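Below you'll find the structure, written out as structure tokens, and then a few comments.
Just so you know, these numbers use all the heavy atoms, side chains as well, and skip hydrogens, waters and symmetry mates. Given the structure is predicted, the values throughout are model-derived calculations rather than measurements.
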Amino acid sequence: MGIIVQKFGGSSVANAERVMNVAKRIVETYKQGHSVVVVVSAQGDTTDDLIEKAREINPKGSKREMDMLLSSGEQISVALLAMAIQSLGFNAVSLTGWQAGFTTNSNYGIAKIHTIHNERVKKEIDSKNIVIIAGFQGINRYDDITTLGRGGSDTSAVAIAASLGADLCEIYTDVDGVYTADPRLVPHAHKLDDISYDEMLELASLGANVLHNRSVEMAKKYGVNLVVRSSLNNNEGTVVKEVEKVEKLDVRGVARDNDVARIALVNVKDEPGVAFKIFSMLAKNNVNVDIILQSIGRQGKKDISFTVNEDNLDIAIELLEQHKDVIGFEEIKATNEVSKISIVGAGMVNNPGVAAKMFEALYDANINIHMISTSEIKVSVLVNQKNADKAVQAVHDKFHLV
């Protein structure tokens, strides 16, 4: 038997009862003869609670100290889970991210994994221990603890699975798998038996809260066998794999992202290099830009609109104001009362009229579109946030994703 990596999210270990349930599931896998490596997130709302505690003390605490604080949530989870497994009569050892060999860059709060020195993990496996690793964290070259950003435990799990050459990486969550839409918004959404890496990557990037997009990207790069399934039952989950027959695929899912803000620069100079000045400056300051729309020039001026993550809105505006004279614009207009609605499907490129069908659904629902972005496997639109839920339902119904 080979190695199986299992990842459990915060809701799966939210209380003592759930921790014991997870421990029993892990032990069942171990009893089947597999070596088991487990990656765990912080319990329930622990991370949010820690962030709130930090704000009470210092709303502008350094990112280094925030990483030191937030990493403690996962350390609590791994120790409790190891104790639970031991109470069932099996050997388990808990490891922090750095003990498990995760080294990262020094981008505190959103660090990226450089390498995994997995000797300690292999040693524990050889000793017949169930290995419990704190997700979401690593250590940088200064021996400081770093965190990988929200959802980073998924990335930790896929990374250790790739490093160990694991046979399977199971991502356990509080839903049965990947659905055609958020079942809380669309009750008749249905679970997909399988989905391609590219489709899952787009859905994860576009607001589907099942898998972290960096974890999907890593799984595709290293060919990790990935399954999303529920920690609350034994139902079959959704297999994430390389696409096989694209021609048969159309729209696989609808995603909604409310953590979006739109920025419009009004009356920008209509001359070469302006777009480069804007977006290179934002990129240097780690502000990711998504949908971009530029108007036709008129009287030497044009407007440029784009979207950023809502968390980056204030810093983006501050940076743009600081460089107002260099960029040459008259006014900034910004709002976070928008949502991005997206459809995803690997076969969309071979199916003309998909975008028009989406636009028809929104028209029938009397929902106005502010911005549009397309690629080979997705179409995204920006709408008023108050219409987001209705938009998801309308688009889901139009494509008969049931």
Side-chain angles (χ1 to χ4, degrees), residues 1 3-50 53 67-102 116-139 145 147-148 151-161 163-164 166 168-174 229-234:
M1 293 290 186
I3 298 171
I4 291 183
V5 174
Q6 298 179 328
K7 179 265 176 179
F8 293 91
S11 60
S12 300
V13 292
N15 53 46
E17 180 185 358
R18 289 193 175 185
V19 170
M20 287 306 303
N21 286 338
V22 166
K24 291 173 184 175
R25 185 182 285 268
I26 292 166
V27 164
E28 284 302 312
T29 304
Y30 183 78
K31 285 162 64 177
Q32 292 169 11
H34 303 287
S35 297
V36 184
V37 176
V38 182
V39 175
V40 192
S41 299
Q43 288 184 290
D45 296 325
T46 299
T47 302
D48 289 333
D49 293 341
L50 290 171
K53 287 180 185 294
D67 276 8
M68 179 70 83
L69 175 67
L70 297 183
S71 64
S72 66
E74 277 69 21
Q75 292 175 42
I76 293 170
S77 292
V78 293
L80 291 174
L81 185 55
M83 292 177 193
I85 292 170
Q86 290 166 1
S87 76
L88 298 173
F90 292 83
N91 295 326
V93 59
S94 64
L95 301 175
T96 63
W98 67 266
Q99 287 175 315
F102 283 78
I116 300 177
H117 302 286
N118 60 23
E119 294 83 3
R120 173 70 184 275
V121 176
K122 287 182 175 179
K123 178 183 174 183
E124 299 295 349
I125 291 173
D126 291 342
S127 299
K128 306 302 180 183
N129 285 321
I130 296 172
V131 186
I132 317 295
I133 299 173
F136 174 67
Q137 61 181 247
I139 193 168
I145 293 174
T147 65
L148 308 181
S153 291
D154 290 348
T155 306
S156 299
V158 172
I160 194 67
S163 171
L164 295 170
L168 181 65
C169 180
E170 298 178 316
I171 306 293
Y172 286 91
T173 180
D174 54 359
R229 54 191 309 188
S230 173
S231 63
L232 307 177
N233 59 51
N234 292 313

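The shortest non-hydrogen separation linking Ala157 to Val5 is O-CG1, 3.7 Å. Scanning both residues, Ser41 and Gly10, for their nearest heavy atoms gives CB-N, 3.6 Å. Minimum heavy-atom separation, Val78 to Leu95: CG2-O, 4.4 Å.
Considering only heavy atoms from C-beta on, Leu164 comes within 4.5 Å of Ile125 through its side chain. Between Val158 and Lys7 there is no side-chain heavy-atom pair separated by less than 4.5 Å. Between Asn21 and Glu17, some side-chain heavy-atom pair lies under the 4.5 Å cut-off. At least one side-chain heavy atom of Val27 sits less than 4.5 Å from a side-chain heavy atom of Ile85. Residues Val40 and Val13 form a side-chain contact, since some pair of their non-hydrogen atoms from C-beta on lies under 4.5 Å apart. For the pair Lys128 and Tyr30, the minimum side-chain heavy-atom distance is below 4.5 Å.
Salt bridge annotation for Arg120-Glu124: present, with a cationic side-chain nitrogen under 4.0 angstrom from a carboxylate oxygen.
Here the CD-CZ distance, from Glu170 to Arg25, works out to 8.0 Å after rounding to the nearest 0.5 Å. Rounded to the nearest 0.5 angstrom, Gln86 CD and Ser94 OG are separated by 8.0 Å. Considering CD1 of Ile145 and CE of Met68, their distance stands at 5.0 Å, rounded to 0.5 Å. Rounding to the nearest 0.5 angstrom, the gap separating the OG atom in Ser11 from the CD atom in Gln43 is 11.5 Å. For the atom pair Ile133 CD1 and Ser156 OG, the distance stands at 8.5 Å (nearest 0.5 Å). Separating the CG atom in Asn118 from the CZ atom in Phe102 is a distance of 9.5 Å, to the nearest 0.5 Å.
With hydrogens and angles ignored, the 3.5 Å screen pairs a side-chain donor or acceptor of Glu74 with a backbone N or O of Ala42. Panel note: side chain Ser87, backbone Ala84; a donor-acceptor pair is recorded below 3.5 Å. Judged purely by atom type and a 3.5 angstrom limit, Gln6 has no side-chain atom pairing as donor or acceptor with the backbone of Val38. In this structure a side-chain-to-backbone donor-acceptor pair under 3.5 Å is missing from Asn91 to Asn129. A donor-acceptor pair under 3.5 Å links the side-chain atoms of Ser127 to the main chain of Lys123, judged by distance alone.
Ring planes of Tyr172 and Phe8: parallel class, angle under 30° (limits at 30 and 60°).
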Q.
The test is salt bridge (Lys or Arg N to Asp or Glu O under 4.0 Å); show your working for Glu119 and Lys122 and say whether it passes.
A. CA-CA 5 Å; Glu119 294 83 3; Lys122 287 182 175 179; over 6 Å; no
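Screening Ile26, Ile76, Ile130 against Leu81 for a side chain to side chain contact (heavy atoms under 4.5 Å, CB included) leaves a single residue, Ile26.
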